[in-house]
Amino acid sequence: MVHDIDSIRLSGRIVETEAYPVGDAAGHAFRGETRRNRSLFLERGHAYVYFTYGSSFLLNVTSETPGVGAGVLLRAIEPLQGIEAMAGFSATTRLADIGRGPGRLTKALQVDLRQDGLDLCAAGPLWLAAIERKTGAINKSVRIGITRNAHRLLRFYERGNAHVSGPKKLRR
DNA sequence: AAGAAGATTCGCT
DNA sequence: GCGAATCTTCTTA
């Protein structure tokens, strides 16, 4: 995930995600389109950003065809470029905490409502890049912080990566 | 029009 | 590990 701001490049490797597929009662699109979630209905590869708990912005990548609401929540990144700048935006000092958690991720990358609806697969300030990097084993678990439809194994993370959020049991 | 819940984080213990 | 902070959105009356 890359965000170019003020001639600085902020980027990180996505190491943890959660899926919110079509028909999932835990997904924001479940009850239809509203002003808040309208970006979630954009074609796959667009950003859906929303504000929650009075404190945090959360970033999703849409995953379906236009008019169908579904997406993937980005829960954690391993910082790659602009690390010092991201540390400055972050409330925490430890490297492993800068991108650890969906709210911290957006804070580090300086993502807020201004990026809502952007095409992440096109040229622009916020975009998804392919990188050469060996990937570890990908594990799955239940999703974190939800109550409805909570049993499904729709959280995916790189096993043992220090930048993955959640309790220890959910990082192995 | 009012109230409850929420895809969280931070500070304490 | 637990509770407060904080505010938008959706639900219910």
Side-chain angles (χ1 to χ4, degrees), chain A residues 1 3 10 12-64 68-79 83 85-118 120 126 128 138-159 161-172:
Chain A
M1 191 78 237
H3 194 189
L10 309 175
R13 179 170 168 264
I14 299 166
V15 294
E16 179 187 356
T17 64
E18 283 179 359
Y20 289 85
V22 175
D24 175 15
H28 285 186
F30 187 64
R31 289 179 184 76
E33 190 171 337
T34 64
R35 189 162 78 243
R36 176 213 216 185
N37 69 17
R38 77 189 150 78
S39 297
L40 197 47
F41 292 78
L42 295 172
E43 179 167 29
R44 56 175 64 90
H46 284 69
Y48 164 49
V49 182
Y50 71 95
F51 186 64
T52 193
Y53 288 111
S55 59
S56 306
F57 294 100
L58 273 61
L59 171 63
N60 297 254
V61 181
T62 63
S63 59
E64 291 293 335
V68 179
V72 173
L73 170 69
L74 304 188
R75 288 196 55 93
I77 55 166
E78 176 182 336
I83 294 179
M86 289 195 283
F89 302 134
S90 177
T92 168
T93 52
R94 293 176 47 209
L95 174 63
D97 287 338
I98 291 175
R100 200 171 152 275
R104 290 171 174 167
L105 179 153
T106 57
K107 193 156 193 183
L109 289 177
Q110 293 287 283
V111 168
D112 57 33
L113 260 24
R114 287 173 297 183
Q115 284 77 41
D116 186 36
L118 289 183
L120 304 177
L126 189 66
L128 287 163
I138 305 297
N139 279 12
K140 60 188 172 187
S141 78
V142 294
R143 292 171 292 183
I144 295 176
I146 65 169
T147 53
R148 290 190 298 246
N149 215 359
H151 64 284
R152 301 181 70 181
L153 299 178
L154 291 175
R155 172 174 172 268
F156 304 90
Y157 58 97
E158 186 176 52
R159 183 169 73 189
N161 188 299
H163 301 82
V164 171
S165 74
K168 264 188 185 161
K169 287 201 166 192
L170 295 183
R171 293 189 236 160
R172 292 177 299 170

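In the text below, chain A, chain B and the rest are named by the order of the sequence lines, each starting its count at 1.
Judged purely by atom type and a 3.5 angstrom limit, Asn139(A) has no side-chain atom pairing as donor or acceptor with the backbone of Arg159(A). Under the 3.5 Å distance criterion, the side-chain polar atoms of Thr106(A) are left unmatched by any main-chain donor or acceptor of Leu58(A).
Comparing dT9(B), dG6(B), dA7(B) against the side chain of Tyr53(A) picks out dG6(B) as the nearest. Comparing dA7(B), dT9(B), dC7(C) by their closest approach to the side chain of Phe51(A) singles out dC7(C).
Partner Tyr20(A) forms a side-chain contact (heavy atoms from CB on, under 4.5 Å) with one of Ile146(A), Leu154(A), Leu40(A), Val72(A) and no other, that one being Ile146(A).
A distance of 7.0 Å separates CD of Glu158(A) from CD of Glu78(A), quoted to the nearest 0.5 Å. We find the CG-CZ distance between Leu109(A) and Phe89(A) to be 9.5 Å, quoted to the nearest 0.5 Å. The CD1 atom of Ile77(A) sits 9.0 Å away from the CE atom of Met1(A) when rounded to the nearest 0.5 Å.
Whole-Å rounding puts the Leu170(A) CG to dA7(B) P distance at 17 Å. Atom-to-atom, OH of Tyr157(A) to P of dA7(B) comes out at 21 Å; the value is rounded to the nearest Å. Across the protein-nucleic acid pair, Leu59(A) atom CG and dA7(B) atom C1' stand 12 Å apart, rounded to whole Å. Here dC7(C) presents its P atom at 16 Å from CG of Leu58(A), a figure rounded to the nearest Å. The CD1 atom of Ile98(A) sits 16 Å away from the C1' atom of dC10(B) (whole-angstrom rounding). Phe57(A) has its CZ atom 12 Å from the C1' atom of dT6(C), to the nearest Å. Spacing between atom CG of Asp116(A) and atom P of dT9(C) amounts to 11 Å, rounded to whole angstrom units.
Residue contacts for Ser56(A): at a heavy-atom cut-off of 4.0 Å it reaches the sugar-phosphate backbone alone, with no base atom in range. Among the atoms of the strands shown, base atoms are found under 4.0 Å from some heavy atom of Ala26(A).
Using bins of under 30°, 30° to 60° and over 60° for the plane-to-plane angle, the ring pair Phe57(A)/Phe51(A) lands in the tilted bin.
Spacing of P atoms, dA7(B) relative to dG1(C), comes out at 22 Å, to the nearest Å. On the P atoms, dA4(C) is 16 Å away from dA4(B), given to the nearest whole Å.
Of all the residues in residues 27-39 of chain A, Arg31(A), Thr34(A), Arg36(A) reach under 4.0 Å from DNA chain C with at least one non-hydrogen atom. Scanning residues 143-154 of chain A for heavy-atom distances under 4.0 Å to DNA chain C yields an empty list.
Side-chain atoms of Arg94(A) and Arg100(A), non-hydrogen and from C-beta on, never get closer than 4.5 Å to each other. No side-chain heavy atom of Asn161(A) sits less than 4.5 Å from a side-chain heavy atom of Glu16(A). No side-chain heavy atom of Tyr157(A) sits under 4.5 Å from any side-chain heavy atom of Glu18(A).
Heavy-atom distances to DNA chain B give each of Tyr50(A) and Ser90(A) a nearest nucleotide, and the one nearer the 5′ end belongs to Tyr50(A).
Of the nucleotides present, none pairs with dA7(B) by Watson-Crick or G-U wobble criteria with both distances under 3.5 Å.
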